[in-house]
Amino acid sequence: QVQLVESGGGLVEPGGSLRLSCVAAGITYTYYVMGWYRQAPGKERELVANIDAGGYINYADSLEGRFTVSRDDVKNTVSLQMNNLKPEDTAIYYCHAHQRRFGDKQYWGQGTQVTVSS
């Protein structure tokens with residue numbers, strides 16, 4: 001019964017900030033690389049950032065200076081702090097869990113909408 005539940009999306013003006021959170025259940029959390037992807041209308045889903053249990057992080061090159069990903073392995077959460085948001089950040093943001101230790105398994109949340117507009 002794997003569940004990834006996102007929260008924190010919404011409407012924000014350009015230059016504003018949002019913090020997204022994802023709570024994972026039903027997985028051995030420390031086995032998983034946790035992260036965030038996003039998908040804008042008419043575009044492919046793309047990586048925003050991910051973080052493994054050792055704290056190693058990958059960011060999309062264009063986002064590293066504005067977005068920060070973190071995880072809490074006690075609460076089984078991963079968060080994405082988004083600052084200086086731009087209209088092109090508008091997308092559905094999806095929580096993602098991926099492990100290859102015991103087979104190749106990955107899971108997705110249902111997504112949370114982020115809209116950056118004045």
Side-chain angles (χ1 to χ4, degrees):
Q1 298 183 12
V2 177
Q3 293 185 355
L4 305 177
V5 181
E6 304 100 331
S7 62
L11 175 64
V12 64
E13 293 187 352
S17 297
L18 287 172
R19 185 175 180 87
L20 307 182
S21 295
C22 171
V23 180
I27 61 173
T28 302
Y29 190 76
T30 55
Y31 291 173
Y32 284 79
V33 178
M34 302 297 301
W36 294 91
Y37 287 72
R38 68 184 184 184
Q39 187 166 21
K43 296 185 178 180
E44 296 292 324
R45 191 171 298 186
E46 64 178 0
L47 174 71
V48 176
N50 59 29
I51 179 169
D52 71 14
Y56 295 100
I57 297 170
N58 290 317
Y59 290 102
D61 289 344
S62 63
L63 302 178
E64 186 170 359
R66 297 188 294 119
F67 290 15
T68 303
V69 67
S70 60
R71 68 188 285 162
D72 185 330
D73 290 350
V74 175
K75 298 180 178 179
N76 289 2
T77 59
V78 60
S79 297
L80 184 70
Q81 178 67 43
M82 304 186 294
N83 297 324
N84 192 24
L85 284 161
K86 304 177 184 296
E88 54 263 40
D89 296 319
T90 296
I92 301 173
Y93 284 71
Y94 295 91
C95 185
H96 181 247
H98 188 201
Q99 69 94 6
R100 302 177 69 94
R101 184 173 180 178
F102 301 106
D104 190 356
K105 297 182 181 295
Q106 59 184 311
Y107 302 96
W108 296 91
Q110 292 183 339
T112 185
Q113 177 71 47
V114 172
T115 302
V116 184
S117 177
S118 59

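Remember, it's a predicted structure, so these values are computed and weren't measured experimentally.
- Here disulfide (SG to SG under 2.5 Å) pairs that include residues 1-102, with residues two or more places apart or in two chains, are C22-C95.
- Taking 4.5 Å as the limit, some side-chain heavy atom of N84 sits within range of a side-chain heavy atom of K86.
- By the side-chain contact (heavy atoms from CB on, under 4.5 Å) test, A40 is found to be paired with K43, A91, residues two or more places apart in sequence or in another chain being considered.
- Clustering of Ile, Leu, Val, Met, Phe, Trp and Tyr by side-chain heavy atoms under 4.5 Å joins V5 with none of the others.
- Atom CD of Q110 sits about 10.0 Å away from atom CG of L4, to the nearest 0.5 Å.
- L63 places a side-chain heavy atom less than 4.5 Å from the side chain of D89.
- Linking Ile, Leu, Val, Met, Phe, Trp and Tyr residues whenever their side-chain heavy atoms come within less than 4.5 Å places V12 and V48 in a single cluster.
- The disulfide (SG to SG under 2.5 Å) pairs that include a residue from residues 27-60 number zero, where partners must be two or more places apart or lie in different chains.
- With sequence neighbours excluded, no residue forms a side chain to side chain donor-acceptor pair (under 3.5 Å) with D72.
- Remark: T112 OG1 to I92 CD1 distance equals 9.0 Å, nearest 0.5 Å.
- The line from CD of Q99 to OG1 of T28 is 8.5 Å long, rounded to the nearest 0.5 Å.
- Nearest heavy-atom pair, T30 versus R71, reported as atom, atom and distance to 0.1 Å: CA-NH2, 4.3 Å.
- Within the structure, every pair that satisfies the side chain to side chain donor-acceptor pair (under 3.5 Å) test and touches residues 6-20, not counting sequence neighbours, is listed here: S17-N83, R19-Q81.
- Within the structure, no pair that satisfies the disulfide (SG to SG under 2.5 Å) test touches residues 43-89, not counting sequence neighbours.
- Qualifying side chain to side chain donor-acceptor pair (under 3.5 Å) partners for D61, counting only residues two or more places apart in sequence or in other chains: none.
- Contact between V2 and G26 at its shortest, heavy atoms only, is CG2-O, 3.5 Å.
- V23 and I27 are assigned to two separate hydrophobic clusters, defined by single-linkage of ILVMFWY side chains at heavy-atom distances under 4.5 Å.
- In this structure, Y107 is not a member of the same hydrophobic cluster as V33, with clusters built from ILVMFWY side-chain heavy atoms closer than 4.5 Å.
- Contact check for V116 versus E88: no side-chain heavy atoms found under the 4.5 Å cut-off.
- Sorted by first and then second residue, the side chain to side chain donor-acceptor pair (under 3.5 Å) pairs involving residues 44-55 (not counting sequence neighbours) are R38-E46, Q39-R45, N50-N58.
- Within the structure, ring pair (Phe, Tyr, Trp, His ring centres under 6.0 Å) pairs that include any residue of residues 19-44 comprise Y31-F102, Y37-H96, Y37-W108 (at least two apart or interchain).
- Other residues sharing a hydrophobic cluster with L11 under the 4.5 Å side-chain heavy-atom criterion for ILVMFWY residues do not exist; the residue is a singleton.
- The stretch residues 42-95 participates, sequence neighbours left out, in no ring pair (Phe, Tyr, Trp, His ring centres under 6.0 Å) pair at all.
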